[in-house]
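The figures here come from the full heavy-atom set of this structure, side chains too, leaving out hydrogens, waters and symmetry mates. All chains are named by letter (A, B, ...) in the order of the sequence lines, taking the proteins before the strands, and each is independently numbered beginning at 1.
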There are 2 protein chains.
Amino acid sequence: MNEETREAVMAATHRALCTHGFADLTTQRIADEWEKSKAALHYHYDTKEELLRTFLDHLLAKFESRLACESADPRVRLDAFVDAVFAPVEADDDSREFAVALLEIKAQAPYSETYRDRLAALDERMRETVAGAVRDGIEAGHFGDADPDDVARFVVTAINGAHVREVALDESPSEARRLIEGYLDDALGRDPATEVPA
Amino acid sequence: MNEETREAVMAATHRALCTHGFADLTTQRIADEWEKSKAALHYHYDTKEELLRTFLDHLLAKFESRLACESADPRVRLDAFVDAVFAPVEADDDSREFAVALLEIKAQAPYSETYRDRLAALDERMRETVAGAVRDGIEAGHFGDADPDDVARFVVTAINGAHVREVALDESPSEARRLIEGYLDDALGRDPATEVPA
DNA sequence: GCGTGCTTACTAACCAGTCAGTCAAGTGGC
DNA sequence: GCCACTTGACTGACTGGTTAGTAAGCACGC
């Protein structure tokens, strides 16, 4: 399949999912967003399930690509992670749309091992990103003593919660972000006023 | 309607929702769980939407009833809150089933103002429960200085996250609970070893 | 002329909701 | 005590609309 076509179908699926929700997500609605026929969709994807599985992969890959940060300074890496988790994916779509789609998928996880496995992999990668930065930061003397795995698990749990609130309560994630950053400052013995050297 | 009937329909809806998920929740499946006909369901509830609205009320009321704690000691109240949030609703159903149903509802919130409003009310009550206990605890000299609203928001956000992880990753909430309790000990300057007098 | 990408038109299954009618448990008149 | 009637709870069969997926055919670049 054409890469351009694939991207257009994924974007259409995303829009249709956010507009109608998982329960009312039909191939017709995805096709409408794509501005092609329903049969054209079945030409590229045999079943709706296959299309949605592909979409999940696409969504998670897009999210994970944001988490990568190559900086050697663990303080920069940690800040970049929080930034990535709360920032919109692209300039044109807001972070809420993304969180809505992801929560829809998460709510389906109990009924699909595939979904569950992929979400578990994402979660582990998120926790490892945080734990790694914390570990390196402690080693380098930037942070005070703390259990990297515990800090990582707590931060990732709080991020999960922040995303739920953003979707279910239509709340801006900025408050949650501030609190998570405050927690990190406390737990790692960072002075919030101290600037990290660029 | 008979109270017994109502309770049976609510329980059937809960089972059907947890078994099939919101997307595949049909009146037929609820009727099957109830072991009555689909038409009988429409006899009691005009529309599927009305039934689900009633179910949401039932689910939230059940949850909120657990949050009430009358103790005068804010430390006891705070512990009871964390207990209530993580404990199974009843002896016969586990906390996961409940969290699954609640997450399904939360994922529908963007498409229903009714759902969103009720979830917002629950969230506010949860935050006020924590903030009140923290405020009283600081005043009574049990806790160190902290912003009660910030602590409450962060704790409730983390609880939201813990519930998502329980559902989406099929993870036991015990780790998350331990971390939340640890955060409270830190933020409120509590000694984890100190026993609260009964 | 042949494959790729697509369309219109279709099908079988399934959906929420309706309807006519059943059945048991009252209720009131006599 | 018994009959006529009402009421509440329910069923099975149905309807109109919607769904995922299919079939047959068309345009068009190579």
Side-chain angles (χ1 to χ4, degrees), chain A residues 1-59 101 104-105 107-109 111-115, chain B residues 1-59 101 104-105 107-108 110-115:
Chain A
M1 193 194 321
N2 195 337
E3 182 57 38
E4 200 181 316
T5 304
R6 191 190 131 89
E7 199 53 48
V9 173
M10 292 297 106
T13 306
H14 193 162
R15 282 196 303 276
L17 177 60
C18 290
T19 307
H20 305 288
F22 195 95
D24 296 322
L25 184 66
T26 64
T27 52
Q28 184 61 64
R29 283 177 165 154
I30 297 171
D32 287 350
E33 288 286 345
W34 185 31
E35 291 182 315
K36 291 270 161 70
S37 73
K38 191 161 66 80
L41 217 51
H42 279 290
Y43 173 77
H44 292 294
Y45 300 91
D46 280 354
T47 65
K48 185 187 180 188
E49 205 214 306
E50 185 195 328
L51 168 59
L52 292 186
R53 202 177 337 108
T54 308
F55 174 70
L56 172 61
D57 281 341
H58 170 83
L59 196 74
E104 293 279 357
I105 299 290
Q108 301 309 315
Y111 316 103
S112 160
E113 208 182 327
T114 310
Y115 286 14
Chain B
M1 193 195 319
N2 196 336
E3 183 57 38
E4 200 181 315
T5 304
R6 191 191 130 90
E7 198 54 48
V9 174
M10 291 298 105
T13 306
H14 193 161
R15 281 195 303 275
L17 178 59
C18 289
T19 307
H20 304 288
F22 195 95
D24 296 322
L25 184 65
T26 64
T27 53
Q28 184 61 64
R29 282 175 166 156
I30 296 171
D32 287 349
E33 288 286 345
W34 186 30
E35 292 182 316
K36 292 271 162 68
S37 72
K38 193 160 65 80
L41 217 50
H42 280 290
Y43 173 77
H44 292 293
Y45 300 91
D46 281 353
T47 64
K48 186 188 179 186
E49 204 214 307
E50 186 195 329
L51 168 58
L52 293 186
R53 203 178 336 108
T54 308
F55 174 70
L56 172 61
D57 281 340
H58 169 82
L59 195 75
E104 293 280 356
I105 299 290
Q108 301 310 314
Y111 316 103
S112 161
E113 207 182 327
T114 311
Y115 287 13

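- Following rounding to the nearest Å, B:E3 (CD) and D:dA9 (P) show an atom-to-atom distance of 13 Å.
- Chain B approaches DNA chain C within less than 4.0 angstrom (heavy atoms of the protein), and the contacting nucleotides run 5' to 3' from C:dC15 to C:dC19.
- Whole-Å rounding puts the B:Q28 CD to D:dC14 C1' distance at 14 Å.
- Without hydrogens or angle criteria, A:E50 side chain to A:Y45 main chain gives no donor-acceptor distance under 3.5 Å.
- Across all their heavy atoms, A:T27 and A:K38 have their closest contact at OG1-CD, 3.3 Å.
- Between the side chain of B:R6 and the backbone N or O of B:M1, no donor-acceptor pair lies under 3.5 Å.
- One interatomic measurement links the two molecules: CG of A:N2 to P of D:dG29, which rounds to 15 Å at whole-angstrom precision.
- Checking side-chain atoms of A:R15 against main-chain N and O of A:E33 turns up a donor-acceptor pair under 3.5 Å.
- Residues A:W34 and A:H44 are in side-chain contact: their nearest non-hydrogen atoms beyond the backbone lie under 4.5 Å apart.
- Within residues 38-45 of chain A, the residues that have a heavy atom under 4.0 Å from DNA chain C are, in order of number, A:A39, A:A40, A:Y43, A:H44.
- Looking at B:Y111, its side chain does come within 3.5 Å of a backbone N or O of A:C18 through a donor-acceptor pair.
- Residue B:S37 is in base contact, counting any heavy-atom pair closer than 4.0 Å across all strands shown.
- Each of D:dG21, D:dC10, D:dA20 was ranked by its minimum atom distance to the side chain of B:K36; first place goes to D:dC10.
- Proximity of a side-chain donor or acceptor of B:K48 to a complementary backbone N or O of B:L25 within less than 3.5 Å is detected.
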